[in-house]
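What follows is a single structure, written as structure tokens, with notes after it.
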Amino acid sequence: MRGEETLYLPGMDHAGIATQNVVERELAKEGLTRHELGRERFVERAWEWTKIYHDRIADQTRRLGVSCDWTRERFTLDEDLSNAVRTAFVRLYRKGLIYQGSYLVNWCPRCESAISDLEVIPVEREGRLWVIRYPVVNGDWDGPRYEWTSGRWAEGATEFIEMATTRPETILGDTAVATSPEDPRWRDLVGETAVLPAIGRRIPIIADEAVDPGFGTGAVKITPAHDPTDNEIGIRHDLPAIDVMTDTAEMNEQAGPYAGQDRYECRRNIVEDFEKEGLLVRVEAYTHSVGTCERCHTDIEPRVSTQWFVRTKPLAEAAMNAVREGETVIVPKREEERFFHWMENIRDWCISRQLWWGHRIPVWHCGGCGEHTSGMTDPTECPHCGSEELHQEEDVLDTWFSSGLWPFSTLGWPDTDAPDYRRFYPTDMRETAYDILFFWVAREMMLGIEMTGQSPYSTVYLHGLVRNENGEKISKSMEDIDEYDPLDIIDAYGTDALRYTLMTSSTPGLDMNLDPRRLEGARNFANKIWQAARFVLMNTSLEDVAGFEAPSASMDLRLADRWILSRLNRLIENVDRLFESHQYGEAGRQINDFVWSEYCDWTIEASKVRLYDEEVENRVPVAVLLHVLETSLRLLHPFMPFVTEAIWQALPGETKEGDALIVAPWPEADGTLLDDEAEESMALLMDLIRGIRNRRAEYRVTPGKRIPAMIASPDAGDVLAKQQDVLCALAKLDPERLAIEESMEPPSQAATIVVGRTTCYLPLAEMVDLEEERERLSEELRDVEGRIAHSKELLAGPFAERAPEHVVQRERDKLEDLKTERVELERRLETLG
RNA sequence: GGGCGGUUAGCUCAGCUGGUCAGAGCGCCUCCCUUACAAGGAGGAGGUCAUAGGUUCGAGUCCUAUACCGCCCACCA
């Protein structure tokens, strides 16, 4: 609408681990595992599933009215995107930013794959803390002489070292026991040797800074292959890391007597055996957090394994610079802190997954020399030794690796001359929920800058999450996600209502709950505009729009016209300012307020005076109605594209520019139509009308019954006189019995309305209960007096000198008005006795 | 253990850079099927803006604590 070339490119990623899990779940229903099916056929199944869900997601997107360019739709497994993935991988590989190594990773025994730190969800568990002891080799005892589980395994041992653990099954992989360097309890044992129960391995007792002397017994078992801290300690002390589990977290041959048992089965058994051997000191209840798989919720097993990593430090540094220097701005600002914190503490990114669904890592291992090689074309012989015994890496890449290239891989990159890439990269805005800042945005920033030299976008706009009634975030991987299909909401309330609600019930970065009452309200709003448009069109004749001109300050406009045009232009200014600062919700609410209250309730109602009067020329009022409606539609279009477009299409051609609202020019504020005087006068008129309606309601005057009124106004008499017809129509006054003077003698039996310097009397004769009227006026007087006192106090104090002049002046004006009101109220009370 | 967010009318939530900001919708009360709209119109009632201090002429709006609720990071066995 602003005339700028805009690309909104739709597409999807292949969601590697999530898709693989879903497909495996489907296979399970058929009694099959992926291994039984084989890689090739499994991938075929994944493609089938992907196609079904692609169509479903695309349909949802279309019905949401997302106006993107479907001719450019992309999928991360498309040939060109796969080419981009390979290019990026090879470049990083050659630059030494990708390496293979054996490190401790998060292993999901159900997915049978490594996952990244971000994919591990910590969950609080009521667990146990087992305090156990290992015998120490000394002069009296130099090792077990009986079988494990004989009950005599530790017979003869005289010295023990005690420690606490939450995971007894990992004992089998222990390669040391550690204490804090300055712990007096165990100081003498440091340097000695303990014997690992069950296995009989001799392990050193060491001292390390990482051990907290304040926790447990001050000593800790060290399992470098199954615990992050232990792994680091292991590296520091050059300890072996013994993996005691299989890919599915069963105990392997390293687990001695427990080989073949599930890790939890092993835990139960080994605790029992410890007890039997007199090595279990005590058991405590203990709540701690356990890492679980984001996708399948299985407990993660930290495990040393050979994986591929991206060296993230240099990439993170560049990404942080882009944000520091303002090349990319994150909205809301506070999210930048989270971004920096994460980037500063980033660890190398494990990008290999032992899955079948995804981009297979373009690395070939040589059976001859053991080296590996990577390149844009598949090698036929090893460049290191010439051997033809090459085998491609089985692992696939983390989905986020390919998703991280999205801002440019979709635009033709690596061809930097590709027209779309030249035109649209770097992009303007990355809009997403804040939960994906690290997963995706951070990776896009790192890979984008590394690959293209430019940050992929200038603004990252982070909105909140939609949560359900339990406060859980609604995401497509939820078990009962079908309960939250946007299409159901669209069927019930309409797309416009859903969009409007999503945009107006949130504020940047804060979560929202989708309240059905809001959806209903939004639907009603859409209906309201529809009805308003119907009214305007019903009252528009061909003559009215012949030679239509948008209302301008030079036209012969009445107060209500000048007022609504002034309000409209103020609204345009506000909406522009709010859009600029990403306050979309506030913009939507203001448009709603304007359309519903100011346009429908006042402008349209006031216009009826003229439209229904045969004597009056309709051209100008109709022009104003049409213009304000048409402009409002344009403002509202981003929020409610369907209803606004439908109405807009029905408007007479003379009143609009362009073939469709979606490409009509965005409204521009016209400063010449801002009119403080009109706004002030209209405010008086409106207050007066509200006051009269209020009294009518209180005195139960028959609705629609015309009543007399007397208005005394020293300064607004002319304005009100000119608006007599509007006043009479909206307040249901009898024009024959309406008097407007500078001042007048108040009638005895009348209800009184005081608005600033203007006083209105409604001589309601027998209807007025004098006692009630007195009470009501007294109450009003008390209120006014209180406000006067407050205002005087304020003006007498330091406020008068310290506050800005215009603020002080406003307070003085307010005081003057209050004083006038007080005089009127007092006079009135006097006449009432 | 750090860090962040929330706490405003009965309910769900807005309130940008401190000065008509005490608001909206729903609900509630009273009227009204008036020729755009009952998915509506008119008029009402309803909140010491979590608590305690502080800064300021002036604070839902800034600062400091506290209390709940939620989230994010973190190697406490």
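Hydrogens, waters and symmetry mates play no part in the numbers below; they use all other heavy atoms, side chains included. Just so it is clear, the structure is predicted and the values come from calculations on it, not from any experiment. Here is how names work: the chains are called A, B, and so on, in the same order as the sequence lines, proteins then strands, and each is numbered from 1.
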Is there a donor on the side chain of A:Arg700 or the base of B:C31 sitting less than 3.5 Å from an acceptor on the other?
no

Nearest-Å distance, CD1 (A:Ile346) to C1' (B:C75)?
18 Å

Please enumerate all residues that pass side-chain hydrogen bond (donor to acceptor under 3.5 Å, both in side chains) together with A:Asp511, with sequence neighbours excluded.
A:Tyr434, A:Arg467

Given atom CG of A:Asp593 and atom C1' of B:G23, what is their separation to the nearest angstrom?
9 Å

Quick one: A:Leu510 CG to B:U8 P, roughly how many Å, whole number?
14 Å

OP1 or OP2 of B:A77 less than 4.0 angstrom from a side-chain nitrogen or oxygen of A:Tyr286, does that happen here?
yes

Report yes if at least one side-chain N or O of A:Asn524 is closer than 4.0 Å to OP1 or OP2 of B:G40; otherwise report no.
yes

Using a cut-off of 4.0 Å on non-hydrogen atoms, how would the nucleic acid contact of A:Tyr612 be classed: base, sugar-phosphate, or nothing?
sugar-phosphate

Nucleotide forming a Watson-Crick or wobble pair with B:G19, both distances under 3.5 Å:
B:C57

For B:U34, give its Watson-Crick or G-U wobble partner with both distances under 3.5 Å, or none.
none

Could you go through residues 219-226 of chain A and list every donor-acceptor pair under 3.5 Å that involves a side-chain atom there, pairing it with any protein atom two or more places apart or in another chain?
from: A:Lys221; atom 1: NZ; to: A:Thr170; atom 2: OG1; distance (Å): 2.7
from: A:Lys221; atom 1: NZ; to: A:Asp174; atom 2: OD1; distance (Å): 2.9
from: A:Lys221; atom 1: NZ; to: A:Thr223; atom 2: OG1; distance (Å): 2.8
from: A:Thr223; atom 1: OG1; to: A:Asp174; atom 2: OD1; distance (Å): 2.7
from: A:His226; atom 1: ND1; to: A:Glu301; atom 2: OE2; distance (Å): 3.2
from: A:His226; atom 1: ND1; to: A:Pro302; atom 2: O; distance (Å): 3.0
from: A:His226; atom 1: NE2; to: A:Asp243; atom 2: OD1; distance (Å): 3.2
from: A:His226; atom 1: NE2; to: A:Val244; atom 2: N; distance (Å): 3.1

Tell me the partner of B:A24, counting only Watson-Crick (N1-N3 plus N6-O4 or O6-N4) or G-U wobble (N1-O2 and O6-N3) with both under 3.5 Å; none if nothing fits.
B:U12

Examine B:U34: is either OP1 or OP2 under 4.0 Å from a nitrogen or oxygen in the side chain of A:Lys608? Give yes or no.
no

Any side-chain N or O of A:Asn513 below 4.0 angstrom from OP1/OP2 of B:C13?
yes

Would you mind pulling out the nucleotide paired to B:U7, Watson-Crick or G-U wobble, both distances under 3.5 Å?
B:A67

OP1 or OP2 of B:C4 sitting under 4.0 Å from any side-chain N/O of A:Trp342?
no

Under 4.0 Å: is that the gap between some side-chain N or O of A:Arg334 and OP1 or OP2 of B:C4?
no

Ignoring hydrogens and angles, does a donor from either the side chain of A:Arg534 or the base of B:C37 sit under 3.5 Å from an acceptor on the other?
no

Just to be sure I understand the rule, does A:Asn539 reach a base, reach only the sugar-phosphate, or reach nothing, if contact means heavy atoms closer than 4.0 Å?
nothing

Give a yes/no answer on whether the side chain of A:Asn694 brings an N or O atom under 4.0 Å of OP1 or OP2 in B:G44.
yes

Under 3.5 Å, is there an N or O donor on one side and an acceptor on the other linking the side chain of A:Lys732 and the base of B:A42?
no

Integer-rounded Å distance: B:A74 P and A:Asp117 CG
7 Å

Just checking A:Thr504: base, sugar-phosphate only, or nothing, at a heavy-atom cut-off of under 4.0 Å?
nothing

Base-pairing mate for B:A45 - Watson-Crick or G-U, with both contacts under 3.5 Å:
none

Watson-Crick or G-U counterpart of B:G1, or none if no pair lies under 3.5 Å
B:C73

Mind checking if A:Thr165 touches a base, just sugar-phosphate, or nothing, with heavy atoms under 4.0 Å?
sugar-phosphate

When the nearest nucleotide of RNA chain B is assigned to A:Gly521 and to A:Arg167 on a heavy-atom basis, which residue is associated with the more 5' position?
A:Gly521

Between the side-chain atoms of A:Gln531 and the base atoms of B:A38, is any donor-acceptor pair under 3.5 Å?
no

Short N-O contact, A:Glu811 and A:Lys814, less than 4.0 angstrom:
yes

